[in-house]
Amino acid sequence: MAMSHEQEKKAREQFEKDIKDVNNDDVEYASKKGQSKVNKFGDNPPGPLQSLWRDIKLMIGLVTDYAKGNYRDVPWNVLAAVTGAVIYFVSPVDVIPDVIPVVGYLDDALVVKLALEIARPDLEAYANWKNA
């Protein structure tokens, strides 16, 4: 099953709107709620998120280390994109509600991919820092 063009457009618009308003409180929120949701799924994420699971966990690690002051070598627009994607991921109320089996996470996957388009080089730099 796939998202409709309209659902895809709404998810993209919501993500773009959300990242314009990200602040430090949002980073803190994304850190806490993101880690909680990842822990809930463990190593068994919903189907649409399986191929993105490493990246989602890396995004949550980045916002967590930023919020704690451990890692600050990331441009604000990248942090905002990652934070916006994590907040979208943790929200049960989005374009396609997460309670709808399988399909409920298609919009979350799209938003994560949009954030990755912005953040990929900085996420890889963060991963290298984390593994050093």
Side-chain angles (χ1 to χ4, degrees):
M1 191 157 202
M3 291 174 55
S4 72
H5 179 67
E6 188 60 31
Q7 289 169 321
E8 195 172 311
K9 182 180 175 205
K10 283 183 181 176
R12 184 181 299 271
E13 287 172 352
Q14 183 66 48
F15 171 68
E16 289 170 356
K17 178 183 162 288
D18 288 349
I19 64 175
K20 289 179 182 165
D21 299 325
V22 167
N23 60 37
N24 283 320
D25 290 339
D26 295 322
V27 174
E28 186 78 30
Y29 175 83
S31 169
K32 288 179 182 162
K33 294 293 185 176
Q35 195 56 58
S36 175
K37 190 151 186 177
V38 162
N39 290 344
K40 176 182 139 188
F41 290 123
D43 290 328
N44 192 23
L49 299 177
Q50 286 179 349
S51 66
L52 298 167
W53 202 235
R54 175 192 171 270
D55 292 319
I56 291 169
K57 293 195 297 188
L58 199 56
M59 288 175 161
I60 293 165
L62 174 64
V63 295
T64 299
D65 278 325
Y66 187 93
K68 290 179 178 177
N70 298 335
Y71 186 82
R72 295 294 173 114
D73 192 20
V74 58
W76 183 258
N77 69 311
V78 170
L79 185 67
V82 169
T83 300
V86 172
I87 290 173
Y88 194 98
F89 164 65
V90 302
S91 175
V93 182
D94 45 34
V95 173
I96 304 174
D98 294 347
V99 296
I100 300 172
V102 182
V103 183
Y105 287 99
L106 288 174
D107 58 326
D108 298 73
L110 170 69
V111 167
V112 168
K113 288 176 185 174
L114 292 172
L116 287 172
E117 288 175 11
I118 297 168
R120 174 67 69 200
D122 291 287
L123 270 177
E124 292 305 324
Y126 168 71
N128 291 337
W129 172 83
K130 191 94 174 145
N131 292 328

- [ ] With the side chain counted from C-beta on, respond yes when R120 and D55 share a heavy-atom pair under 4.5 Å apart, and no when they do not.
- [x]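 Answer yes - side chains close enough.
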
Task: Heavy-atom check, side chain of V90 versus side chain of Y29, under 4.5 Å - done: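 Of all side-chain heavy-atom pairs linking Y29 with V90, at least one is under 4.5 Å.
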
Quick one: does any side-chain atom of [X] pair with a main-chain N or O of [Y] as donor and acceptor, under 3.5 Å?
X    : Y   : result
D26  : N23 : yes
T83  : L79 : yes
S4   : Q7  : yes
S31  : V27 : no
E16  : E13 : no
D122 : V74 : no

Open item on the list: With side-chain contact (heavy atoms from CB on, under 4.5 Å) as the criterion, how do L116 and L52 come out once you've worked through the C-alpha distance, each side chain's angles and the decisive distance to 0.1 Å?
Closed with: CA-CA 10 Å; L116 287 172; L52 298 167; 4.0 Å; yes

TODO: For the residue pair N39 and Q35, confirm or rule out a side-chain donor-acceptor distance under 3.5 Å.
DONE: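 Side-chain D/A pair, N39 to Q35: present.
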
Open item on the list: Under a 3.5 Å threshold, yes or no: a donor from one side chain and an acceptor from the other, between Y126 and D73?
Closed with: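 No, no side-chain donor-acceptor contact under 3.5 Å.
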
- [ ] Kindly assign one of parallel, tilted or perpendicular to the pair W129 and Y71, based on the angle between their ring planes and the thresholds 30° and 60°.
- [x]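 Geometry flag for Y71 against W129: tilted rings.
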
- [ ] Over 60° means perpendicular and under 30° means parallel, so classify the ring planes of Y105 and F89, tilted if in between.
- [x]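 Judged by the thresholds at 30° and 60°, the geometry between F89 and Y105 is tilted.
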
What is the minimum heavy-atom distance between [X] and [Y], and which atoms define it?
X    : Y    : result
A11  : M3   : CB-CE, 4.4 Å
D98  : G104 : OD1-O, 2.9 Å
E28  : A67  : OE1-CB, 3.7 Å
A119 : V78  : CB-CG1, 3.6 Å
F15  : L114 : CE2-CB, 3.7 Å
W53  : G42  : NE1-O, 3.1 Å

Can you tell me how far apart [atom1] ([X]) and [atom2] ([Y]) are? Round to the nearest 0.5 Å.
X    : Y    : atom1 : atom2 : value
L110 : K10  : CG    : NZ    : 14.0 Å
K130 : L62  : NZ    : CG    : 9.5 Å
I56  : F41  : CD1   : CZ    : 9.0 Å
I87  : I19  : CD1   : CD1   : 11.5 Å
K37  : S91  : NZ    : OG    : 7.5 Å
L123 : N128 : CG    : CG    : 11.0 Å

Open item on the list: I'd like to know if E117 and K113 make a salt bridge, using a cut-off of under 4.0 Å between side-chain N and carboxylate O.
Closed with: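 No.
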
Task: Over 12 non-hydrogen atoms of neighbours within 6.0 angstrom of NZ in K32 - done: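 Result for NZ/K32: open.
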
TODO: Check whether more than 12 heavy atoms from other residues, nucleotides or ligands sit under 6.0 Å from atom CG of D43, and answer yes or no.
DONE: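 Counting other residues, nucleotides and ligands, CG of D43 stays at 12 neighbours or fewer.
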
Open item on the list: Using the rule given for side-chain contact (heavy atoms from CB on, under 4.5 Å), can you reason through Q14 versus D94, listing the C-alpha separation, both sets of side-chain angles and the distance that settles it, and then say yes or no?
Closed with: CA-CA 9 Å; Q14 183 66 48; D94 45 34; over 6 Å; no

Open item on the list: For Y88, run the side chain to side chain donor-acceptor pair (under 3.5 Å) check against D18, D108, D107 and tell me which one passes.
Closed with: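 Considering D18, D108, D107, a side chain to side chain donor-acceptor pair (under 3.5 Å) with Y88 is found only for D107.
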
